Amino acid sequence: MGIAELTRNAVHVLPEGALEDKLEAGRPLRVKLGIDVTAPDITLGNGIPLQRMAAFQREGHVGVLIVGDYTTRIGDPSGRSASRPILSDAEIDRNAQRFVEQASTIIDPDRTEVRFNGEWLAKLDFAEILRLTRTTTVAQILERDDFAKRQRAREPISVSELLYPLMQAYDSVAVEADVELGGTDQLYNLLAGREVMQAYGLEPQVALTVEYLVSWDGEGMSASRGNYIGLKEAPEEQFGKAMRIPDELLPQWYRLVMESEDTLASDPLQAKLALARWVVTRAHGADAAQLAEAHFTRVVREGRAPEEVSEVELPPGDPVHLPAALAEWFGLSTSEARRLIAQGGVRVDGGLVGELDVPRTSLGGALIQAGKRRFVRVAST
RNA sequence: GCAGGGGUUCCCGAGUGGCCAAAGGGGGCGGGCUGUAAACCCGCUGGCUCAGCCUUCGGAGGUUCGAAUCCUCCCCCCUGCACCA
């Protein structure tokens with residue numbers, strides 16, 4: 001146990017020796033992790049630092065989960081950055097609600113404080129904000145790698161974005177964090193938190209960053225990029241997406257996600273199946289994992305229809321104009337549906353479709369397939 | 001404020017009067033193959049009951065038989081200068 005487990009998969013634990021000192025004090029440490037509310041899902045990527053939080057909790061420490069509702073509400077006023085859409089209050093609240101539920105697949109909810117940063121940020125008046133801004137300099141903030149890159153690339157940086165690290169740092173002041181967790185991309189923000197805490201007369205937090213989980217597209221997993229597995233996503237989705245990662249990423253996923261020391265089985269398919277099973281099991285339990293795997297085997301590997309297929313109604317008219325019907329059933333545009341048919345991607349009861357207009361009688365009760373894994377059953381007349 | 005450079009289809013990015021629904025790449029989708037929703041190969045990728053029609057190139061007008069491409073005004077971004085409590 002002890003420190004090795006707490007810092008598993010860590011990249012930075014700064015400053016050196018500080019964590020040890022805090023642990024020696026013997027009191028429960030407050031371990032902070034902030035999460036954005038821009039997307040409704042917490043991802044397997046967020047799971048990596050959450051797993052560290054869980055490790056601290058097992059040692060008797062307290063997790064402090066910060067929901068960035070206020071930071072999200074403010075958004076990015078440049079209006080240019082699509083990566084930070086401004087959400088409505090209702091959406092933010094709904095997302096925040098789901099967060100705790102999702103995070104609880106990893107952390108111990110009984111040893112977790114959930115705090116919304118609007119709780120303190122909303123109360124700051126201008127004078128206090130100025131006090132906060134005096135703790136740092138523009139040069140320091142621009143040092144941060146992504147700002148530096150955008151400067152070089154001559155991309156816009158709004159002033160409010162420069163304030164983000166300070167807001168996050170202030171969170172640490174508000175909750176009196178002992179340790180702040182984050183991906184390696186967060187290193188700057190975590191260190192900024194130290195300086196600001198010090199300026200506010202608090203003992204600065206320890207910055208603990210963990211490796212960033214790389215997704216199937218080779219990019220860091222993030223909700224805004226869409227390349228993620230949600231911690232509470234449907235079992236079949238989780239399973240399929242896990243099977244989607246390239247073989248080369250398996251060792252990293254084993255280490256970061258499963259925290260497994262296993263040298264991988266020589267058979268990458270088996271290794272990946274085991275990973276997929278593991279992910280679904282943690283989120284939904286072993287039974288769900290088994291069902292998800294059965295679904296995967298049946299639909300993806302064997303190319304058969306799933307056991308459960310949702311039922312749809314036939315549109316009026318005879319013959320039935322298939323592009324319009326498919327568009328309706330599968331949420332496509334009729335043009336997409338046409339292409340799908342033209343490319344041999346549509347089957348009715350297993351038979352390839354060539355015609356755009358099909359007699360009504362041939363569709364009643366039929367199994368319609370669009371592509372490899374989209375199925376629908378037409379209600380029998 | 002002044003000067004210069006920019007805003008193109010989901011993203012990046014070509015395109016400077018007709019051959020442009022717009023190159024190329026990414027992503028996505030479909031097909032093939034397979035050990036997987038890996039890898040690889042091929043195709044498709046604005047909409048529409050589709051050999052045709054309709055709507056797109058920051059916005060609004062205009063020139064022209066014809067505009068993403070030319071003109072006018074406006075909005076936004078970048079760089080430099082000026083300003084700098």
Side-chain angles (χ1 to χ4, degrees), chain A residues 76-83 85 126 130 133 138 147 149-159 161 214-219 222 224-229 233-254 264-280 292-304 306 315-328 330-347 352-359 368-375:
Chain A
D76 174 5
S78 75
R80 190 195 137 89
S81 165
S83 61
F126 215 93
L130 288 179
T133 59
V138 172
F147 284 142
K149 271 186 196 142
R150 281 161 69 184
Q151 274 261 281
R152 258 181 271 122
R154 308 194 156 178
E155 280 162 14
I157 300 171
S158 74
V159 174
E161 285 180 273
V214 173
S215 188
W216 51 79
D217 57 357
E219 301 285 335
S222 92
S224 54
R225 253 195 291 266
N227 60 354
Y228 68 92
I229 297 177
E233 209 173 350
E236 301 81 41
E237 283 299 303
Q238 290 188 324
F239 199 97
K241 285 178 175 179
M243 292 305 288
R244 206 180 166 180
I245 67 165
D247 291 353
E248 308 83 74
L249 252 32
L250 271 172
Q252 196 205 16
W253 280 54
Y254 262 64
L264 295 183
S266 54
D267 180 352
L269 176 59
Q270 289 311 318
K272 213 178 286 182
L273 285 168
L275 168 71
R277 234 176 272 134
W278 191 93
V279 168
V280 179
E293 180 165 13
H295 179 270
F296 184 82
T297 304
R298 186 182 169 102
V299 177
V300 178
R301 301 188 67 188
E302 296 171 1
R304 293 154 60 210
D318 192 9
V320 173
H321 189 61
L322 220 41
L326 291 169
E328 170 76 26
F330 296 106
L332 310 167
S333 71
T334 61
S335 295
E336 282 175 313
R338 275 171 180 275
R339 283 180 226 127
L340 207 54
I341 294 169
Q343 294 183 117
V346 177
R347 289 168 187 273
L352 263 180
V353 169
E355 303 293 304
L356 295 185
D357 294 286
V358 178
I368 313 287
Q369 178 175 9
K372 281 195 174 91
R373 49 198 168 94
R374 280 177 295 192
F375 294 85

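Since the structure is predicted, the reported quantities are computational estimates derived from the model, not experimental observations.
The same atom, P, is picked in B:C11 and in B:G59; the two are 14 Å apart, to the nearest Å. Taking atom C1' in both B:U63 and B:C70, the straight-line distance is 8 Å, to the nearest Å. Here, B:C50 and B:A60 have their P atoms 29 Å apart, quoted to the whole Å. When the C1' atom is compared between B:U64 and B:U72, the two are found 16 Å apart, to the nearest whole Å. Comparing the C1' positions of B:A68 and B:C83 gives an interatomic distance of 38 Å, to the nearest angstrom. Taking the P atom of each, B:A67 and B:G31 are spaced 40 Å apart, rounded to whole Å. The gap from the C1' atom of B:G25 to that of B:U9 amounts to 14 Å, rounded to the nearest Å. Distance check on atom P: B:U69 versus B:C19 gives 14 Å, rounded to whole Å.
For the OP1/OP2 pair of B:U36 and a distance below 4.0 Å, the side-chain nitrogens and oxygens of A:Arg277 include no atom meeting the criterion. Not one side-chain nitrogen or oxygen of A:Arg374 sits closer than 4.0 Å to the OP1 or OP2 atom of B:C29. For A:Arg301, a side-chain nitrogen or oxygen approaches OP1 or OP2 of B:U36 to under 4.0 Å.
Taking CZ of A:Arg347 as the reference point, atom NZ of A:Lys372 lies at 10.5 Å (rounded to 0.5 Å). Atom CE of residue A:Met243 and atom CH2 of residue A:Trp216 lie 13.0 Å apart, to the nearest 0.5 angstrom. For the atom pair CH2 (A:Trp253) and CH2 (A:Trp278), the distance works out to 11.0 Å, reported to the nearest 0.5 Å.
Rounded to an integer number of Å, the gap from CZ of A:Arg338 to P of B:U45 is 14 Å. Distance A:Leu326 CG to B:U49 P: 13 Å, rounded to the nearest Å. Atom CD1 of A:Ile341 and atom P of B:G31 are 13 Å apart (whole Å). Taking atom CZ of residue A:Arg244 and atom C1' of nucleotide B:A39, one finds them 14 Å apart after rounding to whole Å. Rounded to an integer number of Å, the gap from CG of A:Leu356 to C1' of B:A51 is 13 Å. In this entry the distance linking CZ of A:Arg373 with P of B:G31 reads 11 Å, nearest Å. If you take CD of A:Glu328 and P of B:U49, they are 12 Å apart, rounded to a whole angstrom. For A:Asn227 and B:C11, the CG to P distance is 17 Å, given to the nearest whole Å.
Enclosure of atom CD in A:Glu336 by more than 12 non-hydrogen atoms of other residues, nucleotides or ligands within 6.0 angstrom is indicated.
Across all strands, A:Phe296 comes closer than 4.0 Å to base atoms (heavy-atom distances). Across all strands, A:Gly240 comes closer than 4.0 Å to base atoms (heavy-atom distances). A:Ser333 comes within 4.0 angstrom of sugar-phosphate atoms only, judged by non-hydrogen atoms across all strands, and of no base. Within 4.0 Å of A:Glu236, counting heavy atoms only, lies at least one base atom of the nucleic acid. Among the protein residues, A:Pro323 comes within range of no part of the nucleic acid, since none of its heavy atoms lies under 4.0 Å from any strand.
Base pairing analysis places B:G17 opposite nothing; no Watson-Crick or G-U wobble pair with both distances below 3.5 Å involves it. Using the Watson-Crick or G-U wobble rule with both distances under 3.5 Å, B:C33 pairs with nothing in any strand shown. Nucleotide B:C44 has B:G28 as its partner under the Watson-Crick or G-U criteria, with both atom distances under 3.5 Å. Look at B:U56: it lacks any Watson-Crick or wobble partner with both distances under 3.5 angstrom. In a base pair of the Watson-Crick type (N1 to N3 plus N6-O4 or O6-N4) or a G-U wobble (N1-O2 and O6-N3), with each distance short of 3.5 Å, B:U49 is matched with no nucleotide. Across all strands shown, the partner of B:C2 is B:G80, judged by Watson-Crick or G-U wobble contacts whose two distances both fall under 3.5 Å.
For the residue pair A:Ala292 and A:Val280, the shortest heavy atom distance occurs at CB-CG1, 4.4 Å.
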Are A:Leu332 and A:Arg374 close enough, and set up right, to give a side-chain contact (heavy atoms from CB on, under 4.5 Å), and what steps lead you there? CA-CA 12 Å; A:Leu332 310 167; A:Arg374 280 177 295 192; 3.6 Å; yes
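Between B:G30, B:G47, B:U49, one nucleotide has an atom nearer to the side chain of A:Ser335 than all others, and that is B:G47. When distances are taken from the side chain of A:Pro246 to each of B:A38, B:G43, B:U36, the shortest belongs to B:A38. The side chain of A:Gln343 lies closest to B:G30 when the candidates are B:G30, B:A37, B:U49. When distances are taken from the side chain of A:Met243 to each of B:U45, B:C29, B:U36, the shortest belongs to B:U36.
Along RNA chain B, the nucleotide nearest A:Ala242 and the nucleotide nearest A:Gln369 are compared for position; the residue whose nucleotide lies closer to the 5' end is A:Gln369. Projected onto RNA chain B by closest heavy-atom contact, A:Lys272 and A:Ala324 fall at different nucleotides, the more 5' of which corresponds to A:Lys272.
The shortest distance between side-chain heavy atoms of A:Phe239 and A:Val279 does not fall below 4.5 Å.
At a cut-off of 3.5 angstrom, the base of B:G26 holds no donor-acceptor pair with the side chain of A:Asp217.
Applying the side chain to side chain contact (heavy atoms under 4.5 Å, CB included) test between A:Leu326 and each of A:Leu340, A:Ile368, A:Val353, A:Thr334 identifies A:Ile368 as the sole match.
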